[in-house]
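Side chains are part of it too, since the values below use all heavy atoms of this structure and drop only hydrogens, waters and symmetry mates. Being a predicted model, the structure only gives us computed values, none of them experimental.
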Amino acid sequence: MSYQAPLREMQFVLYELLKGDEILPSLPGYEDATREIMDAMLTEGAKLAQNVIAPTNVPGDREGCVYDPVAKTVKTPTGFKEAYQQFAEAGWTALSAPVEYGGQGLPHTLNTLAEEMMCSANLSLGMYPGLTHGAVNALTSYGTDEQKNYYLPKLISGEWTGTMCLTEPQCGTDLALIRTKAEPQADGTYAITGTKIWITGGEHDLVENIVHLVLAKLPDAPGGSKGISLFLVPKVLPDGTRNTAFCGGLEHKMGIKGSATCVMNFEGAKGTLIGEPHKGL
């Protein structure tokens, strides 16, 4: 079946139900979110979802991602890389991101509709930029100026992607039981050691760099969830060297074979603290 974006239904919810064309342009910073602009964005988003993203759904389901145990890399299905590049180059990864870091600064309400089209056309492919949005939001709220200035423009443009590394083999939703360690280093960084599971987009070939947001515990961490800190651990470090954060294999989730759900092994990987110690969760 071919995907057809439900534009009329979206417009009904956005304009007739939520009165978005009246409310959004009246809010500070959203003056450009007029009905004319939003209609144009939705129309172009529908074309991209229908003509570029949707055709990758079948090969994504048939092929799935392929793990190379020697190189510790993951190959995405046929067409995924090209479709993702078109998605990013058209500005969809930047739609609701902060203008000061290269985003378009449009309302999240509009971005939600764009995400619906992307994920309805191919959920497996839509999860890669979806997890990046989480990384962008965390860094925007809690990152240092250095972290934000270096990482946010690349994440927002879609040139890099992001992850959220929470779950471990011995604990699912009870993150108080995580064992991943963060050892302070003389240069102010931290050596991150541990294994994370079910990490969406942990390794893939869509982009050259992946920015991992990793929950770990400092040596002086109090017990329970109050002892969890958050660290930024890039696949490729700012000096161009490969960080010691590797994919150890693929997990399997029903219905999203084209989404690289990874076991991630952090082997003394270099990371920097996001926000305050022990307040990462």
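Taking both residues in full, the closest heavy atoms of Gly227 and Lys217 are given as O-CG, 3.4 Å, listed atom of the first, atom of the second, then distance. Considering all non-hydrogen atoms of both residues, Val211 and Leu155 come closest at CG2-CD2, 3.9 Å. Of all heavy-atom pairs between Ile274 and Leu139, the closest is CD1-CD2, 3.9 Å. Across all their heavy atoms, Cys65 and Gly258 have their closest contact at SG-O, 3.2 Å. Considering all non-hydrogen atoms of both residues, Gln170 and Leu177 come closest at NE2-O, 3.0 Å. Across every non-hydrogen atom of Tyr150 and Pro238, the tightest pair is OH-CA, 3.4 Å.
From Thr78, atom OG1 reaches atom CD of Glu63 across 3.5 Å, with rounding to the nearest 0.5 Å. Within the model, atoms CG of Asp68 and OG1 of Thr73 stand 4.5 Å from one another, a figure rounded to the nearest 0.5 Å. To the nearest 0.5 Å, atoms SG (Cys165) and CD1 (Ile178) are separated by 11.0 Å. For the atom pair Thr200 OG1 and Glu251 CD, the distance stands at 10.0 Å (nearest 0.5 Å). Separation of atoms CG (Asn149) and CG (Asp145) is listed at 6.0 Å; rounding is to 0.5 Å. Atom OG1 in Thr244 sits 9.5 Å away from atom NZ in Lys270 (nearest 0.5 Å).
Looking at residues two or more places apart in sequence or on another chain, you find a side chain to side chain donor-acceptor pair (under 3.5 Å) between Thr76 and Asp205.
Under the 4.5 Å side-chain heavy-atom criterion for ILVMFWY residues, a single connected hydrophobic cluster contains both Met38 and Met10. Under a hydrophobic-cluster definition in which Ile, Leu, Val, Met, Phe, Trp and Tyr are linked whenever side-chain heavy atoms come within less than 4.5 Å, directly or via other members, Tyr84 and Val74 are assigned to different clusters. Linking Ile, Leu, Val, Met, Phe, Trp and Tyr residues whenever their side-chain heavy atoms come within less than 4.5 Å places Leu48 and Leu125 in a single cluster. Neither Leu131 nor Val214 shares a network with the other; the hydrophobic side chains, linked directly or stepwise wherever heavy atoms of I, L, V, M, F, W or Y lie under 4.5 Å apart, form separate groups for each. Hydrophobic clustering (side-chain heavy atoms under 4.5 Å, transitive across Ile, Leu, Val, Met, Phe, Trp, Tyr) keeps Ile228 apart from Phe266.
Within 6.0 Å of CD on Glu36 lie no more than 12 heavy atoms contributed by other residues, nucleotides or ligands. Counted within 6.0 Å of CE on Met127, heavy atoms from surrounding residues, nucleotides or ligands total more than 12; the atom is thus considered enclosed. Residue-environment remark: OH (Tyr142) stays at or below the threshold of 12 foreign heavy atoms within 6.0 Å. In the displayed structure, Asp32 atom CG is contacted under 6.0 Å by at most 12 heavy atoms of other residues, nucleotides or ligands. Arg179 CZ: 12 or fewer foreign heavy atoms inside a 6.0 Å radius.
Annotation: side chain of Glu116 is in contact with side chain of Pro6 (closest heavy-atom distance under 4.5 Å). Contact check for Lys154 versus Val207: no side-chain heavy atoms found under the 4.5 Å cut-off. A heavy-atom distance below 4.5 Å is found between the side chains of Pro129 and Met118. At a threshold of 4.5 Å between non-hydrogen side-chain atoms, the residues Leu42 and Leu113 count as touching. Residues Pro234 and Trp160 form no side-chain contact, since every pair of their non-hydrogen atoms from C-beta on lies 4.5 Å or further apart. A 4.5 Å side-chain heavy-atom check between Thr272 and Glu146 finds every atom pair outside the cut-off. Between Thr195 and Val263, the closest side-chain pair of non-hydrogen atoms falls below 4.5 Å. Counting only heavy atoms from C-beta outward, the side chains of Ser229 and Tyr190 never approach each other to under 4.5 Å.
With Glu203 as the partner, the side-chain hydrogen bond (donor to acceptor under 3.5 Å, both in side chains) test is satisfied by one option alone out of Lys235, His212, Lys72: Lys235.
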Does Leu215 form a side-chain contact (heavy atoms from CB on, under 4.5 Å) with Leu281? I'd like the steps, not just the answer. CA-CA 7 Å; Leu215 293 182; Leu281 188 57; 4.0 Å; yes
I would like to know whether Phe231 and Leu218 meet side-chain contact (heavy atoms from CB on, under 4.5 Å); could you show each step before the answer? CA-CA 11 Å; Phe231 298 88; Leu218 293 164; 3.8 Å; yes
How far apart are the C-alpha atoms of Leu106 and Met41, what are their side-chain angles, what is the distance that settles it, and do they pass the side-chain contact (heavy atoms from CB on, under 4.5 Å) test? CA-CA 11 Å; Leu106 289 166; Met41 298 292 288; 4.0 Å; yes
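Remark: the backbone N or O of His252 is not paired with any side-chain donor or acceptor of Thr261 at under 3.5 angstrom. With hydrogens and angles disregarded, no donor-acceptor distance shorter than 3.5 Å links the side chain of Gln4 to the backbone of Ser2. A donor-acceptor pair is defined here as one N or O able to donate and one able to accept, closer than 3.5 Å; no such pair exists between the side chain of Gln86 and the backbone of Val52. Using a distance-only test at 3.5 Å, with no hydrogens or angles considered, no donor-acceptor pair links the side chain of Thr241 to the main chain of Leu237. The backbone N or O of Ile156 sits less than 3.5 Å from a side-chain atom of Thr93, completing a donor-acceptor pair. Of the possible polar contacts, one joining the Ser26 side chain to the Ile23 backbone as a donor-acceptor pair under 3.5 Å is found. With hydrogens and angles ignored, the 3.5 Å screen pairs no side-chain donor or acceptor of Tyr3 with any backbone N or O of Ile53.
For an aromatic pair to be called close, the ring centres must be under 6.0 Å apart, and Phe80 with His204 fails this.
If you check the side chains of Asp39 and Tyr15, you find a donor sitting under 3.5 Å from an acceptor. A donor and an acceptor atom, one from each side chain of Glu168 and Thr180, are located under 3.5 Å apart.
Ring geometry for Trp92 against Phe87 counts as parallel: the plane angle stays under 30°, on a 0 to 90° scale with 60° as the upper cut.
Here Lys148 does not pair with Glu100 in a salt bridge; the nearest charged N to carboxylate O distance is not below 4.0 Å.
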